[in-house]
Amino acid sequence: MKLVVAIVQPDDANRCSDALTAAGFLCTRFESSGGFLDGKNVTLVIGVDDPLVDSVLDVLRKSSRERTQSAAPVATPDPSGQGVAAMRMDVEVGGATVFVVDVDRFERL
Ligand code: 2BA
């Protein structure tokens with residue numbers, strides 16, 4: 001068995017969890033936030049038998065989108081050495097960042 005941990009953007013979270021449920025996968029979701037952009041995201045965890053991992057990844061791939069987000073201004077030294085310039089940076093986020101982890105044991109007690 002594997003645990004699929006998928007970090008998705010908030011705008012994709014309902015589509016992902018609805019599509020997983022429709023495909024017969026159980027998932028748990030919780031609010032999270034990115035360390036780099038400090039923005040909200042959603043983490044989905046899905047416990048699944050090994051042969052079905054690729055099906056889970058297919059659902060997530062079809063249900064999440066890559067987007068450009070603007071990062072908060074980063075203070076960098078002005079080239080003239082006279083002060084500090086605030087640089088805004090665009091970064092590509094998503095679709096989904098996915099980790100697939102081995103599960104040693106699964107119990108429903
Ligand atoms: P954030 O940490 O807020 O990162 C948002 C996006 O910023 C990333 O998109 C990436 O394009 C960019 N980014 C992150 N760190 C960077 C850096 N040091 N320099 C330049 N650009 C950087 P994604 O790669 O799609 O990641 C989306 C979210 O997934 C991340 O939000 C974070 O919450 C999670 N994530 C990504 N990689 C991870 C990892 N190795 N471990 C744990 N969480 C991860």
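Residue numbers count from 1 along this sequence. Start at 1 and go down the list; that is how both ligands and their atoms are numbered.
A donor-acceptor contact shorter than 3.5 Å links the side chain of Gln9 to the backbone of Arg65. A donor-acceptor pair under 3.5 Å links the side-chain atoms of Asp50 to the main chain of Met1, judged by distance alone.
The side-chain heavy atoms of Leu52 and Phe25, taken from C-beta on, include a pair separated by under 4.5 Å. Val56 is not listed as a side-chain neighbour of Lys2, based on a closest heavy-atom distance of 4.5 Å or more.
The protein residues lying under 4.0 angstrom from ligand 1, judged by non-hydrogen atoms, are Ile7, Gly34, Gly35, Phe36, Leu37, Asn41, Val91, Glu92, Val93, Gly94, Thr97, Phe99.
Of the candidates Val45, Val101, Leu57, Val4 forms a side chain to side chain contact (heavy atoms under 4.5 Å, CB included) with just one, namely Leu57. Each of Thr43, Ile46, Leu44 was compared with Val5 under the side chain to side chain contact (heavy atoms under 4.5 Å, CB included) criterion, and only Thr43 meets it.
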